[in-house]
Trainee: 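Next up is a structure, given as structure tokens.
Atoms within a ligand are numbered from 1 in the order they appear, just like the ligands themselves.
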Amino acid sequence: MAVLNDYWHLVLADLKNNLNRSVYETWLSQLEFLKTENSGRKVVLSVPSRFNQKYLETKFSTQLLEAVRKYFPRVIHLEFRISQKKNLSDIQIQDSFFESEEAKSSSKMKYKETSKIDSRDFNLQLKPTTLFNDSLNNLNPKYTLESFVQTSSNLLACNVAKAIVEKPGQRYNPVFLYSGVGLGKTHLLQAIGQKILENQPNLKIKYATSEMFFNHFIASIQNKSGKAFHEYYRSCDVLLIDDIQFISGKEATQEAFFHAFNELHQNNKQIVITSDKPPKSIASIEERLVSRFEWGLVIDIGFPDFEDRLSVLNFKLDKLNFNLNEQQKVKIATAVDTNFRDLEGVLNRIEARIKLLPDRPFEDYELAKILAGFKKASTIHFQISNKLNNPQDLIELVCSVFGVSKEEIYSTSRQQNLALARQVAMYCCREFLNLSFPATAKLFNRDHTTVMHAWKKISKQSLDTKNTYLYNKLQEIRSNPFLLTK
Ligand code: ADP
Ligand code: MG
């Protein structure tokens, strides 16, 4: 995670501010960031000696972890590695703890999650006091409402966020926010937390991804700190849970979350949840949780249209304090039509180039080179994975995206949304399954010319990013995990 590397000096600066100078100089100034492991959940730091390692582990791991997590809430585990590499085996002793019989028998957990624990995710440094430290809200100051650009595709979500900030727990509760990747869920969720904290500093706010919740839950069982876990999640005024889809299939974690949810909700505490899909579409999740999620407000952030992308681009360019000419901006906003994370990726590359050669103007051919490496969503072709290889499943997917039933899609009704869904389903059968026109026609009990017409129409309109409704629906179909890009 190169990003953490970039921010490492901030972590050190934070520690420097909060520690006695000589303590900082002796023990921490020599710490170096090495790498992250376990998908960014573990940070490996390099220390000069074994003595240094032991001392940091016992005295500073809590404080260090907190400082790291201010910027990177994903991180749950630090490892201090001696730079000469000679004492590596010592470090691995910690990891073996969870494989030991003692650890297994001390755990009362019988749920299937136990078998799935990646032992490297935890180590003995994860004392309950570290994990369930009430002062940890996991908010990242980078994500604010002020830096979140309001666009046509996130307008509703923005307004709901503002309403939550005004009266947490009173107007909309729970709020379930979903969208495709990189469209601002985490940013908005974090921004809600920041703003409430700014307005009402005495409120307790907790942000966690559902993965963190899961890790905390498992660790609490391993550490026998169930009470601390319960208190941590049930004692807050605002609970922000990011990417809830990760608790899919984790029954015990779902149960723990269900109880935390109920208690908070009964006490009018604000709950905001995000996901990459609507509640009903999350696989292997208990029905009672789905119904809780649907109690309040379910909203989505759509895919951005050209104007949305241009306004976010302008905002980010302003912040970076460099300008591109209008033509270049239009080129970027046209080409990068997937999400804002990709837009930021392109901007990072432009920024790197401009900083590297500050005196040379940024030429069109350089932009073209950067954009050439980028695949437009509308030109990516899709194929079906073996999980979704029959027309019935595909048609069902289209039905769920358009909110129509299978009976309706096969019917002769010409109601507008239904007719569009039917045409999209026909289009998808050809695009994704390579079905012929007559074969598709047979499925829908129609003439093959009807299918041909549908395919032509949708093919053409799918390239029109101004047609945001169709565009968003097609993106939603394409972002289904069972569809693989070629
Ligand atoms: P998600 O959680 O939906 O995958 P993120 O919140 O991580 O997406 O957003 C991806 C990146 O795009 C972040 O760096 C975020 O700051 C930025 N971003 C997303 N939406 C906006 C917006 N409306 N205005 C400004 N930046 C945005
Ligand atoms: Mg996110």
Side-chain angles (χ1 to χ4, degrees), residues 1-4 6-7 39-41 69 71-75 138-162 165 175-195 207-214 240-248 272-278 281-282 298-321 329 332-333 336-351 374 377 468 472 475-476 478-479 481:
M1 190 160 52
V3 199
L4 211 164
D6 296 344
Y7 285 83
S39 323
R41 282 177 290 173
R69 287 172 57 119
Y71 300 93
F72 296 91
R74 255 182 100 70
V75 177
N138 296 320
L139 293 177
N140 182 338
K142 177 180 139 188
Y143 297 123
T144 60
L145 274 186
E146 287 76 18
S147 65
F148 193 79
V149 182
Q150 196 166 301
T151 66
S152 63
S153 46
N154 64 29
L155 186 61
L156 187 59
C158 275
N159 287 341
V160 171
K162 286 176 196 155
V165 166
V175 168
F176 189 99
L177 172 66
Y178 70 94
S179 80
V181 292
L183 295 176
K185 294 181 296 292
T186 298
H187 188 140
L188 200 57
L189 191 65
Q190 286 260 347
I192 290 172
Q194 300 275 12
K195 202 52 162 191
Y207 165 95
T209 61
S210 73
E211 210 179 353
M212 277 160 77
F213 185 90
F214 164 70
L240 309 167
I241 297 287
D242 208 356
D243 289 324
I244 193 76
Q245 72 274 10
F246 288 124
I247 66 170
S248 150
V272 188
I273 296 164
T274 74
S275 165
D276 66 352
K277 42 181 98 60
S281 308
I282 304 175
V298 178
I299 43 172
D300 69 328
I301 298 182
F303 287 91
D305 63 18
F306 174 78
E307 269 98 51
D308 295 343
R309 301 191 303 260
L310 195 63
S311 63
V312 171
L313 175 65
N314 275 320
F315 180 86
K316 301 220 176 250
L317 285 172
D318 250 18
K319 278 185 100 181
L320 286 167
N321 207 14
K329 287 184 200 170
I332 299 171
V336 189
D337 65 350
T338 44
N339 60 55
F340 297 126
R341 188 170 301 151
D342 288 342
L343 186 67
E344 286 180 344
V346 166
L347 273 178
N348 284 342
R349 296 184 60 185
I350 298 174
E351 187 191 8
F374 188 83
T468 45
N472 285 347
Q475 289 277 38
E476 205 174 325
R478 286 174 177 143
S479 64

Trainee: Give the atoms of ligand 1, by number and element, whose distance to some non-hydrogen atom of Ser147 is under 4.0 Å.
Mentor: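 Checking each atom against Ser147, I get 24 (N), 25 (C).
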Trainee: For Asp243, is there any backbone N or O sitting under 3.5 Å from a side-chain donor or acceptor partner on Ser210?
Mentor: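 Side chain of Ser210 to backbone of Asp243: a pair is present.
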Trainee: Starting from atom 16 (O) of ligand 1, find the nearest protein heavy-atom neighbour and note its residue, name and distance.
Mentor: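 Of the protein heavy atoms, His187 ND1, 2.7 Å lies nearest.
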Trainee: Under the side chain to side chain donor-acceptor pair (under 3.5 Å) criterion, do Asp242 and Thr186 qualify, and how do the steps go?
Mentor: CA-CA 7 Å; Asp242 208 356; Thr186 298; 2.6 Å; yes
Trainee: Checking the side chain of Thr144 only, and the main-chain atoms of Ala191 only, is there a donor and an acceptor separated by less than 3.5 Å?
Mentor: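 Checking the backbone N and O of Ala191 against the side chain of Thr144, no donor-acceptor pair under 3.5 Å is found.
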Trainee: Measure from the side-chain N and O atoms of Asn138 to the backbone N and O of Tyr207, and report whether any donor-acceptor pair falls under 3.5 Å.
Mentor: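 Yes; at least one donor-acceptor contact below 3.5 Å.
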Trainee: Please answer whether the main-chain N or O of Leu317 pairs with a side-chain N or O of Glu351 as donor and acceptor at a distance below 3.5 Å.
Mentor: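 Judged by distance alone, no pair lies under 3.5 Å.
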Trainee: So does Val149 get a backbone contact from the side chain of Asn154, meaning a donor-acceptor N/O pair under 3.5 Å?
Mentor: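 Flag set: sc Asn154 to bb Val149 pair under 3.5 Å.
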Trainee: Protein N, O or S atoms less than 2.8 Å from the Mg ion (ligand 2), ignoring waters?
Mentor: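 Metal shell, protein only: Thr186 OG1.
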Trainee: Is there a polar contact, in the sense of an N or O pair closer than 3.5 Å, between Glu344 and ligand 1?
Mentor: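 There is such a contact, yes.
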Trainee: List the closest protein heavy-atom neighbour of atom 7 (O) of ligand 1: residue, atom name, distance to the nearest 0.1 Å.
Mentor: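 For atom 7 (O) of ligand 1, the nearest protein heavy atom comes out as Arg341 NH2, 2.9 Å.
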Trainee: Would a distance-only check, ignoring hydrogens and angles, find a side-chain to backbone donor-acceptor pair under 3.5 Å from Lys185 to Asp300?
Mentor: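 No, because the side chain of Lys185 does not come within donor-acceptor range (under 3.5 Å) of the backbone of Asp300.
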Trainee: Looking at ligand 1, does any of its N/O atoms fall within less than 3.5 Å of an N/O of Lys316?
Mentor: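 Between Lys316 and ligand 1 (N or O atoms, distance only) the closest approach is under 3.5 Å.
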Trainee: Applying a heavy-atom cut-off of 4.0 Å, say which part of Leu183 lies close to ligand 1: side chain, backbone, both or neither.
Mentor: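 The part of Leu183 near ligand 1 is the backbone, not the side chain.
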Trainee: Just jot down the ligand 1 atoms closer than 4.0 angstrom to any heavy atom of Val181, in number order.
Mentor: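 Atoms satisfying the 4.0 Å criterion: 4 (O).
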Trainee: Specify side chain, backbone, both or neither for Phe315, according to which of its non-hydrogen atoms lie closer than 4.0 Å to ligand 1.
Mentor: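 The answer is neither; Phe315 stays 4.0 Å or more away.
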Trainee: Of all heavy-atom pairs between Phe306 and Ala333, which one has the smallest distance, and what is that distance?
Mentor: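 Closest pair (atom of Phe306, atom of Ala333, distance): CE1-CB, 3.6 Å.
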Trainee: Classify the contact between Asn154 and ligand 1 as side chain, backbone, both or neither, using a heavy-atom distance cut-off of under 4.0 Å.
Mentor: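 The side chain, only.
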Trainee: Checking the N or O distance criterion of under 3.5 Å, is ligand 1 in contact with Thr151?
Mentor: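 The answer is no, given that Thr151 and ligand 1 share no N or O pair closer than 3.5 Å.
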Trainee: Does an N or O anywhere in Val149 fall below 3.5 Å from an N or O of ligand 1?
Mentor: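 For ligand 1, there is an N or O atom that lies under 3.5 Å from one belonging to Val149.
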Trainee: Is there a donor-acceptor pair closer than 3.5 Å between any side-chain N or O of Asp308 and the backbone N or O of Asp305?
Mentor: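 Yes; at least one donor-acceptor contact below 3.5 Å.
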Trainee: Would you check, one step at a time, whether the test side chain to side chain contact (heavy atoms under 4.5 Å, CB included) holds for Asn314 with Lys329?
Mentor: CA-CA 8 Å; Asn314 275 320; Lys329 287 184 200 170; 3.0 Å; yes
Trainee: Less than 3.5 Å between some nitrogen or oxygen of Leu188 and one of ligand 1, yes or no?
Mentor: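 No; every N/O pair is 3.5 Å or more apart.
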Trainee: Starting from atom 18 (N) of ligand 1, locate the nearest protein heavy atom and write down its residue, its atom name and how far away it is, to 0.1 Å.
Mentor: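 Checking every protein heavy atom, the shortest distance to atom 18 (N) of ligand 1 gives Phe340 CB, 3.8 Å.
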Trainee: Please check whether Gly182 reaches ligand 1 - meaning an N/O of the residue sits under 3.5 Å from an N/O of the ligand, judged on distance alone.
Mentor: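 Yes; the residue has a nitrogen or oxygen that sits under 3.5 Å from a nitrogen or oxygen of the ligand.
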Trainee: Could you identify the single nearest non-hydrogen protein atom to atom 19 (C) of ligand 1 and state the distance to 0.1 Å?
Mentor: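 Nearest neighbour among protein heavy atoms for atom 19 (C) of ligand 1, to 0.1 Å: Gly184 CA, 3.4 Å.
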